[in-house]
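One structure below.
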Protein chains: 2
Amino acid sequence: MALHKRDQFTTSEQQLAVIAKALGHPARIAILQLLAQRQSCVCGELVTELPIAQSTVSQHLKELKTAGLVQGEVDGPRVCYCIDRAGWARARHLLSGLLVELPAPTAACAC
Amino acid sequence: MALHKRDQFTTSEQQLAVIAKALGHPARIAILQLLAQRQSCVCGELVTELPIAQSTVSQHLKELKTAGLVQGEVDGPRVCYCIDRAGWARARHLLSGLLVELPAPTAACAC
DNA sequence: CTTTACAATCGTTAATCGACGATAAACGAA
DNA sequence: TTCGTTTATCGTCGATTAACGATTGTAAAG
C-alpha cells in the first residue's frame, strides 16, 4: 500500500472525516437517535425498530463502535448499547468546531 | 436494485446522512476549510494546496457540489468555487439539530 | 486561427460499503 | 446437557469510492 495520500491531511481533518463518515448513513443516524431517546440503552430492540436485517444492524453498530461513537456491554445473552460518552464528546467538539470555522452564510464570496 | 432499504428512513435522517457522507473525507473537509478561510473563492489554487491530483480534487468538488455544500462559477478559463450559502445553512441546521438531539454526555445509560 | 492554461471528464484499478442469509458463538433456562 | 434466544461473524454479491493518468473541452491571449 505504502504512503497513503490520506496521511497528508491534518489529524483533526482526519478525525472529523472519520466521525462524519460514521454518520454518513441513515441507519447509523437512526441508531444514534434511538440510543439517545431511550436514555436506557437498547439492544436488539434496535433490530425491531429498524427496517434492516439483524446482521446489517450488527455491522452498523460495529462501525459506530469503531468510530468511537457507541459502546456495547454484554449483559447475559444480549448486548446493551449506548452512546460512548467520551467519543461523542470528542465528536461534538470536532463538529461544533467545524460549524465555527465555516460560519453561517453572511457575506460570502464575490463570485 | 429495486426498493432500497434506504427509502425506509426519515428524510431528515437521509439528508443528514448525505451531508455527513460528503464531509466524510479529509480532502473535502480541507477544501471547505480553505474556501472558508479565503472568503474570496479559490479555484485551482485548491490543487496546489492539497496533496492530491487535479482530477481527484475535481471529483471531490463535484461531490461537494452534489451535496449542495459548494458552488462553482466559471470565470474565464478558470472556475471559482465557494461555499454554497443556502446549502451550508441547511447543513448547519441539520448538524446542530443532531447536536441537540444527542446532547453532551450527562447521565447516559445504566449499562 | 493557433496556442496555452485551466478544469472536467473518461477509463481504469483496487478497495470499501451495504446488504443479505447462513452459520457460529455465548449464555440463561429447562 | 440440551434447548432457545440473542448477537457476532462469515461469505457473497453488486454498487460505490478514491485515486490516478490521459484525454477532452473551453476560453482568453497571442
Side-chain angles (χ1 to χ4, degrees), chain A residues 1-9 13-14 17-31 34-35 41-67 69-82 111, chain B residues 1-9 13-14 17-31 34-35 41-67 69-82 111:
Chain A
M1 198 163 290
L3 192 63
H4 256 282
K5 278 299 177 61
R6 197 164 299 247
D7 304 329
Q8 309 268 345
F9 294 101
E13 284 165 355
Q14 294 185 55
V18 167
I19 304 290
K21 199 171 184 183
L23 297 176
H25 193 288
R28 294 194 285 268
I29 298 281
I31 287 174
L34 282 170
L35 291 182
C41 341
V42 205
C43 41
E45 229 165 319
L46 292 168
V47 175
T48 70
E49 296 284 354
L50 296 171
I52 50 181
Q54 178 266 321
S55 57
T56 309
V57 172
S58 196
Q59 293 223 102
H60 285 305
L61 284 168
K62 189 179 181 180
E63 288 180 60
L64 287 170
K65 225 175 354 177
T66 300
L69 297 181
V70 142
Q71 194 182 2
E73 194 153 303
V74 177
D75 169 28
R78 70 200 74 212
V79 177
C80 179
Y81 280 98
C82 53
C111 66
Chain B
M1 196 165 290
L3 191 64
H4 255 282
K5 280 299 177 62
R6 196 165 300 246
D7 302 329
Q8 308 268 345
F9 293 101
E13 283 165 356
Q14 293 184 55
V18 167
I19 304 291
K21 200 172 184 182
L23 298 176
H25 193 288
R28 295 196 284 269
I29 299 280
I31 288 175
L34 282 169
L35 290 181
C41 343
V42 206
C43 40
E45 227 165 317
L46 291 169
V47 175
T48 69
E49 296 284 355
L50 296 172
I52 50 181
Q54 179 265 320
S55 57
T56 309
V57 172
S58 197
Q59 295 224 100
H60 284 305
L61 284 169
K62 189 179 181 182
E63 290 180 58
L64 287 170
K65 226 177 350 180
T66 299
L69 297 180
V70 142
Q71 192 181 4
E73 196 153 302
V74 176
D75 169 28
R78 71 199 73 211
V79 177
C80 181
Y81 280 99
C82 53
C111 68

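So you know, we letter chains A, B, ... as the sequences are listed, proteins then strands, and number each from 1.
- Taking the six-membered ring where tryptophan is involved, the planes of B/H25 and A/F9 are perpendicular, since the angle between them exceeds 60° and thus also 30°.
- Atom CG in A/D75 sits about 11 Å away from atom P in C/dC27, given to the nearest Å.
- Atom CG of B/L23 and atom C1' of D/dA18 are 17 Å apart (whole Å).
- For the residue pair A/V42 and A/L34, the shortest heavy atom distance occurs at CG2-O, 4.4 Å.
- Comparing C/dG21, C/dG18, D/dC20 against the side chain of B/I52 picks out D/dC20 as the nearest.
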Nucleotide by nucleotide, nucleotides 3-13 of chain D touches protein heavy atoms under 4.0 Å in the pattern (B base, S sugar-phosphate only, - none) ---SBBB----
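- Look at CG on A/L50: it is 14 Å from P on C/dG18, rounded to the nearest Å.
- In this structure, the CD atom of B/E73 is 13 Å from the P atom of C/dA8, given to the nearest Å.
- As rounded to whole Å, 16 Å separates atom P of D/dT16 from atom NZ of A/K21.
- Mapped onto DNA chain C by nearest heavy atom, A/V74 and A/A27 fall at different nucleotides, with A/A27 at the one closer to the 5' end.
- Under the rule for a side-chain contact (heavy atoms from CB on, under 4.5 Å), the partners of B/A20 that lie at least two apart in sequence or sit in another chain are A/L23.
- For the salt bridge (charged side-chain N to carboxylate O under 4.0 Å, His left out) test, residues two or more places apart in sequence or in another chain that qualify with A/E63 are A/R28.
- Residues meeting the side-chain hydrogen bond (donor to acceptor under 3.5 Å, both in side chains) test with A/E45, sequence neighbours left out: A/R38.
- Residues satisfying the side-chain contact (heavy atoms from CB on, under 4.5 Å) criterion with A/V18, sequence neighbours excluded, are A/A67.
- Atoms CD1 (A/I29) and P (C/dG18) sit 12 Å apart, rounded to a whole Å.
- In this model, the phosphate group of D/dT17 is not approached by any side-chain N or O of B/H60 to a distance below 4.0 Å at OP1 or OP2.
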